[in-house]
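Lettering of chains follows the sequences in order, A, B, ..., and the numbering in each one begins at 1. Only this structure's heavy atoms are used, side chains among them; waters, hydrogens and symmetry mates stay out.
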2 protein chains.
Amino acid sequence: MGNIKKIAELSGVSVTTVSRVLNNHPYVKEDKRKAVLETINKLNYSQNLNAVHLSRGKTSMIGVMVPYIAVPYYGNLLEGIGEAALKNNYSINLFQTNYDEKKEMEALEKLKSKQVDGMIICSHTANMDIIRKYAEEHPIIVCEKVAEKNIAAVYIDHYSAFRQGIDFLHENGYKKIGYCVNRAKSLNSKLREKAFYEGLAELGLHVAKEWVFDSCLTIEDGKRVVKEFLELEDRPNALLVTSDQVAAGIMTEARRHKLNIPEDLALLSYDNHPISEALELTTMDLPIVEMGRRSFQLFQQLQEKKQETPIELKAKLVIRSTV
Amino acid sequence: MGNIKKIAELSGVSVTTVSRVLNNHPYVKEDKRKAVLETINKLNYSQNLNAVHLSRGKTSMIGVMVPYIAVPYYGNLLEGIGEAALKNNYSINLFQTNYDEKKEMEALEKLKSKQVDGMIICSHTANMDIIRKYAEEHPIIVCEKVAEKNIAAVYIDHYSAFRQGIDFLHENGYKKIGYCVNRAKSLNSKLREKAFYEGLAELGLHVAKEWVFDSCLTIEDGKRVVKEFLELEDRPNALLVTSDQVAAGIMTEARRHKLNIPEDLALLSYDNHPISEALELTTMDLPIVEMGRRSFQLFQQLQEKKQETPIELKAKLVIRSTV
DNA sequence: TTGTAGGCGTTATCAT
DNA sequence: ATGATAACGCCTACAA
């Protein structure tokens, strides 16, 4: 292996010259370049990136904060980020937080420690104030519609996506509409809540608190929803479900209880992951991979300019057979 | 922010002392420790990890090589690795390769460049010889049953899992058995192939080349399988399917063609991801998250001892309604 | 076009 | 218990 100094010696040049060929700088004669390249090859040498990072003051690594890796939504987001990162010679430092605020803080600290050049926050539980603090000093991208101007964001317009969903249900004759949401306190969820109440109000539909199911993320949660649904005296006949996974759980458990979909309960889901096709789920297609790509691009722009306008992505209805 | 030197000055101690409190070394008086901690707090100081890494010669980062991030199998593997890594204060450097050998090489180079302390190879296309080269110098874990002793591995015993599957189908009266496999050239696939032919032979069942479907990874692939299946003059009446995703695709497309499962075609899948419950898939449960955890643990042992015995994990049958 | 020397921020060795 | 000082390996003025 060796280091740059040894390469220099064996090639009969200075370390500067070696560094130059390593970094494709101009101003190095062809024969010297060749000589250097040769000894590099002979010694099977590789740069020590830690030294490079230290010297340069940056790492070409981007942090990605997700609550759960194995949840398809985040897998897809990661896919998009990874694709864009790779193209730009960036590598990904992945932080799984389980929505544990302490772990989120640890991830954010990597910004200060210069282990990563920036951070894409796919979802979080920590307060925005904390994130803003870090965002003042480091490039941070958030995947939700934040109020503050000074924090970069790429997000799906969940408000209009939800309104669109409500309209579609209404057009199909459903008047008793409820919904399942991921985590009620998240910004994305609040937007959906707003859309829900405003949408129903405009259509003059009845709104019932018991038709709102919180903390729905997994298939298990979907099953729980059905159980709660069955306990209800007055039941909704249609549900907006904020993830295909949850919808899948609802379908599973509904089948067990001889509940027919959509006759007894219509389901309009969000995501359009492959699973939704297998289940013939009517769903809103969310451009998640695209959001990942855009997040990385925004990060790069942020590194240069310092301020960026938010990017808003739209959802698209995919009609199958659960509505 | 500042650096260790400034902290030293302002605290009236030497950099060594600061380093000592930073690393919880003994031999530093309580008052000095306090003073240091205070100025650290006041300056909002964080270590520069690049410097730490350079100095220490290691990074506390582990590389994880996957072909696709968004495929549930790898998502789960990653989940397990992430969980174990976090517990040991390691962070994950994720490399998505798309089975592009060049990208795989780039990832492996990060070992030489000391960006990562080791690498968990979840799946790869590069030749084993190449990987062995790196494994001689660096801790590498592979998730498949490799022949060579000198390369650490954690894997699921696909041979017995496949034999078990065949036996189960046979017990249920199926005599015309085919299978879908991920990538025919991978070691895991070869093991399954071996199990398939040996298993059918022992049971005295007919073996047909046309009943083997290669390159099956996604839902789309599953649909393709059904189309090919329909073209067959002599069709199998049961299929071993090496992933729930593919099985889901088969079910989707089968439904479209009025093919009944399991009457017209029985399906025994592998994975037991949540989706398989929603689809009522009979499947072999694969301990993937566990494999991820074990991979990381093995990596740590490897760092210390230098040689480790392979770890073999078993699959478990979950009966639902597609057989 | 090339080389010298100083800096990046820590840790580790060796005195004291 | 504490502190100089030399690594760690690379980049980058600046000088030539």
#### Entry: Pairing of E136(B) and R132(B) as salt bridge, 4.0 angstrom limit
no

### Query
Below 4.5 Å, heavy atoms only, C-beta onward: do T125(B) and K185(B) meet side chain to side chain?
yes

### Message
Contact between K112(B) and Y134(B) at the side-chain level, heavy atoms closer than 4.5 Å - yes or no?
### Response
yes

### Query
Is K5(B) touching bases, backbone alone, or none of the nucleic acid, heavy atoms closer than 4.0 Å?
nothing

### Query
Closest to the S55(B) side chain: dT10(C), dG9(D), dT12(D)?
dT10(C)

### Donor + acceptor pair across side chains of Y68(B), Q96(B) (<3.5 Å)
no

### Task
Figure out the OH/C1' separation between Y27(A) and dA16(D), and round it to whole Å.
16 Å

### Message
Closest approach to the side chain of V15(A), judged atom by atom: which nucleotide of dA5(C), dG9(C), dT2(D) is it?
### Response
dA5(C)

### Query
Any chance the side chains of S123(B) and Y99(B) put a donor and an acceptor closer than 3.5 Å?
yes

### Message
Judged by each residue's nearest nucleotide on DNA chain D, which is more toward the 5′ side, G2(A) or V28(B)?
### Response
V28(B)

## Note on the structure
Side-chain contact check for N48(B): nearest option of dG9(C), dT2(C), dT12(D) is dG9(C)

#### Entry: Length of the line joining I4(B):CD1 and dG7(C):P, which is rounded to integer Å
18 Å

### Task
Considering just the side-chain nitrogens and oxygens of T17(B), establish if one lies under 4.0 Å of OP1 or OP2 belonging to dT2(D).
no

### Nucleotide nearest S14(B) when distance is taken to its side chain, options dA4(D), dT12(D), dC8(C)
dA4(D)

### Query
Reckon V18(A) touches a base, only the sugar-phosphate, or nothing at all at heavy-atom distances under 4.0 Å?
nothing

### Summary
To the nearest angstrom, the NE2-P distance between H53(A) and dC11(D) comes to 11 Å

### Query
Given atom CZ of R56(A) and atom P of dC8(D), what is their separation to the nearest angstrom?
21 Å

### Message
Counting only side-chain heavy atoms from C-beta out, which of dC10(D), dT2(C), dT11(C) sits nearest to V52(B)?
### Response
dT11(C)

#### Entry: Interatomic distance, I7(A) CD1 vs dC10(D) P [rounded to whole Å]
9 Å

### Task
Scan S46(B) against the nucleic acid and name what it touches under 4.0 Å (heavy atoms): base, sugar-phosphate only, or nothing.
sugar-phosphate

### Query
Ion pair present between E290(B) and R293(B), side-chain N to carboxylate O less than 4.0 angstrom?
yes

### Atom pair distance, as rounded to whole Å: CG in N3(B) and P in dC8(C)
8 Å

#### Entry: N/O (side chain, K32(A)) to phosphate O (OP1/OP2, dT1(C)) under 4.0 Å
no

### Query
In whole angstroms, how far is the C1' atom of dG9(D) from the CG atom of L54(A)?
9 Å

### Message
In this structure, how many angstroms lie between the P atom of dC10(D) and the CG atom of N50(A), rounded?
### Response
10 Å

### Task
Choose from dT1(C), dT2(D), dC14(D) the nucleotide whose nearest atom is closest to any side-chain atom of R20(A).
dC14(D)

### Task
Name the nucleic acid region contacted by N23(A), choosing base, sugar-phosphate or nothing; use a 4.0 angstrom heavy-atom cut-off, strictly under.
sugar-phosphate

### Task
Indicate, with a heavy-atom threshold strictly under 4.0 Å, whether T16(A) touches base, sugar-phosphate, or nothing.
base

